[in-house]
Amino acid sequence: MFAATRVSAFAAKRAFSTSAANLSKVAVLGAAGGIGQPLSLLLKENPHVTHLSLYDIVNTPGVAADLSHINTNSKVTGHTGANNGLEEALKDAHVVVIPAGVPRKPGMTRDDLFNTNASIVKGLAEAAAKHCPKAHILIISNPVNSTVPIFAEALKKAGVFDPKRLYGVTTLDVVRASRFVAEIKNKDPKDVKVTVVGGHSGVTIVPLLSQTGLDFTKEELDALTHRIQFGGDEVVKAKDGTGSATLSMAFAGARFANSVLEATVGGKKGVVEPTFVQSPVFADKGVNYFSTLVELGPNGAEKIHGLGEISEYEQKLIDAALPELKKNITKGEEF
Ligand SMILES: NC(=O)C1=CN([C@@H]2O[C@H](COP(=O)(O)OP(=O)(O)OC[C@H]3O[C@@H](n4cnc5c(N)ncnc54)[C@H](O)[C@@H]3O)[C@@H](O)[C@H]2O)C=CC1
Ligand SMILES: O=C([O-])CC(=O)C(=O)O
């Protein structure tokens, strides 16, 4: 904590002369981790961020000191679990990005992380409800299908839940889908947009390849759908016990955070991103959270799109996703 305080004071002093008004304080919780560090680096480059506030239970002073030397126009502060670290990190935050919690090892499902990560996320939610009740909260911690409902319940209990400001980050599925499709079609991924709906684990991840404007054989559809649904496993296997996707997740998380910032403080119109939010799309089937394309505006998730036209193949994927999704959501809500 001593080191954290020193870093904090140092960074704050330096920032005084360089940074604009503290309009967009962005807090990263879990900032010293595999995702947290590269994500914080990418956020340090984001011109919308005026104050980058890094919180972790370990090692944040070092990460904050390191990032604070980068000559972009934001101040960096580091906070640890000791004393009022979390409160300081969250106070007045406009956006809070949360990659705190344990990652998978080979052989585990994301749901296997529930026991450890549910309490971590719940604790952070209670703190956010108290110290930054108006912040936009971006949940990366797995299992996203359950951690978003856990967070929502904690905010509801504190009387500060606004469904427009709570987002499960599913951007990595979209990033992967674009890359994988581009690979087999010999295209530049920037020209390949794939909408991915549902949740963020296995069969709950539903790519809508029929909406890409490209043609696929049945074999291509099967292979791509499987790869997009289980892309996370490829990385878990390759990392061989040392963790799951961190760099691609940091890239995806920074992209989503930037979209939220552009829409909420950057005045940009027509920002549309897929994200796992409280959603009416399958609420009649008891599935209260779902990821579809969402239009972001000054208040956050302002317009939730439906699925659009989907193929029979995709309808079957949706039918398989809904029961699993409902189970994951209920588990989170009841935690
Ligand atoms: N939504 C998505 O698409 C993805 C989600 N993930 C998930 O993100 C999470 C983090 O993954 P990694 O960064 O690889 O793990 P990591 O273990 O490298 O980092 C996690 C960090 O969280 C910190 N932490 C633990 N408890 C905390 C608490 N109470 N408050 C603040 N920080 C705390 C740890 O000290 C550590 O620095 C995992 O749950 C993983 O499954 C990973 C990839 C993609
Ligand atoms: O696979 C994991 O556990 C991490 C993750 O969510 C992903 O890479 O999509």
Side-chain angles (χ1 to χ4, degrees), residues 4 27-41 53-64 78-82 85-87 89-90 96-128 138-148 150-151 167-177 179-180 196 198-202 204-205 227-239 241-257 274-276 291 328:
V28 180
L29 313 184
I35 296 167
Q37 291 202 36
L39 173 62
S40 301
L41 171 63
S53 163
L54 309 180
Y55 175 82
D56 201 304
I57 49 174
V58 288
N59 298 338
T60 14
V63 177
H79 312 268
T80 58
L86 186 52
E87 175 178 350
L90 290 173
V96 181
V97 195
I98 310 187
V102 293
R104 285 199 287 164
K105 289 194 187 326
M108 291 171 84
T109 64
R110 290 184 184 80
D111 188 55
D112 292 335
L113 302 172
F114 188 97
N115 285 346
T116 311
N117 289 353
S119 341
I120 293 176
V121 167
K122 190 174 181 191
L124 297 174
E126 286 163 355
L138 283 51
I139 312 280
I140 292 172
S141 316
N142 270 317
V144 168
N145 295 356
S146 304
T147 51
V148 171
I150 290 172
F151 213 99
Y167 321 78
V169 181
T170 56
T171 322
L172 181 53
D173 301 318
V174 176
V175 166
R176 279 185 181 131
R179 178 68 223 171
F180 298 165
V196 182
H200 178 67
S201 73
T204 72
I205 299 171
R227 193 165 184 216
I228 294 162
Q229 290 186 323
F230 297 95
D233 295 22
E234 278 182 27
V235 184
V236 170
K237 193 164 164 236
K239 290 201 174 177
T242 63
S244 56
T246 53
L247 303 172
S248 51
M249 181 60 239
F251 172 87
R255 169 179 136 178
F256 187 71
T275 172
F276 187 73
S291 175
N328 298 159

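Start at 1 and go down the list; that is how both ligands and their atoms are numbered. Scope of the values below: all heavy atoms of this structure, side chains included, with no hydrogens, waters or symmetry mates. On a predicted model such as this, the values are computed, not experimentally measured, just so you know.
- Not a single donor-acceptor pair under 3.5 Å links the side chain of T60 to the backbone N or O of G78.
- Nearest non-hydrogen protein atom to atom 8 (O) of ligand 2 is R176 NH2, 2.7 Å.
- Side-chain atoms of S53 come within 3.5 Å of backbone N or O of A89 as a donor-acceptor pair.
- By the 4.0 Å heavy-atom criterion, V235 is excluded from the residues contacting ligand 2.
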Inset, instruction - List the steps and the verdict of side chain to side chain contact (heavy atoms under 4.5 Å, CB included) for H200 and T170. - result: CA-CA 6 Å; H200 178 67; T170 56; 4.1 Å; yes
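- Taking 4.0 Å as the cut-off, M249 does not count as a neighbour of ligand 2 on heavy-atom distance.
- For the pair H200 and ligand 2, a heavy-atom separation below 4.0 Å is found.
- Using modelled atom types, no side-chain atom of T275 and backbone atom of Y167 make a donor-acceptor pair closer than 3.5 Å.
- Atoms of ligand 2 lying under 4.0 Å from at least one heavy atom of G232, given by number and element, are 1 (O), 7 (C), 8 (O).
- Atoms of ligand 2 found under 4.0 Å from any heavy atom of L172 (numbered from 1 in listed order, with element): 7 (C), 8 (O), 9 (O).
- Ligand 2 places these atoms under 4.0 Å from at least one heavy atom of A245: 8 (O).
- Distance alone, capped at 3.5 Å, places no donor-acceptor pair between the S244 side chain and the G232 backbone.
- Residue-to-ligand polar distances keep D173 apart from ligand 2: every N/O pair is separated by 3.5 Å or more.
- Between the side chains of T204 and N145, at least one donor-acceptor pair of N or O atoms lies under 3.5 Å.
- Panel note: side chain S291, backbone P274; no donor-acceptor pair is recorded below 3.5 Å.
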Legend entry - R255 vs V175, side chain to side chain contact (heavy atoms under 4.5 Å, CB included): CA-CA, chis, key distance, verdict: CA-CA 10 Å; R255 169 179 136 178; V175 166; 4.0 Å; yes
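- Residue R104 has at least one heavy-atom neighbour below 4.0 Å for each of these atoms of ligand 2: 1 (O), 2 (C), 3 (O).
- For CZ of F251, the number of neighbouring non-hydrogen atoms (other residues, nucleotides, ligands) closer than 6.0 Å is 12 at most.
- In terms of modelled atom types and a separation under 3.5 Å, the side chain of T80 and the main chain of I57 share no donor-acceptor contact.
- No part of V144 comes within 4.0 Å of ligand 2, judged by heavy-atom distances.
- A donor-acceptor pair under 3.5 Å links the side-chain atoms of N117 to the main chain of V102, judged by distance alone.
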Put together the list of close N/O pairs, under 3.5 Å, between ligand 1 and the protein, could you?
residue	atom	partner	partner atom	Å
ligand 1	1 (N)	I140	O	3.1
ligand 1	1 (N)	V169	O	3.3
ligand 1	3 (O)	H200	NE2	2.9
ligand 1	6 (N)	N142	ND2	3.3
ligand 1	13 (O)	G34	N	3.3
ligand 1	13 (O)	I35	N	2.9
ligand 1	18 (O)	G34	N	2.7
ligand 1	22 (O)	G101	N	3.3
ligand 1	35 (O)	D56	OD1	2.6
ligand 1	37 (O)	G33	N	3.3
ligand 1	37 (O)	D56	OD1	3.4
ligand 1	37 (O)	D56	OD2	2.7
ligand 1	39 (O)	V102	O	2.9
ligand 1	39 (O)	N117	ND2	3.1
ligand 1	39 (O)	N142	N	3.2
ligand 1	41 (O)	N142	ND2	2.9

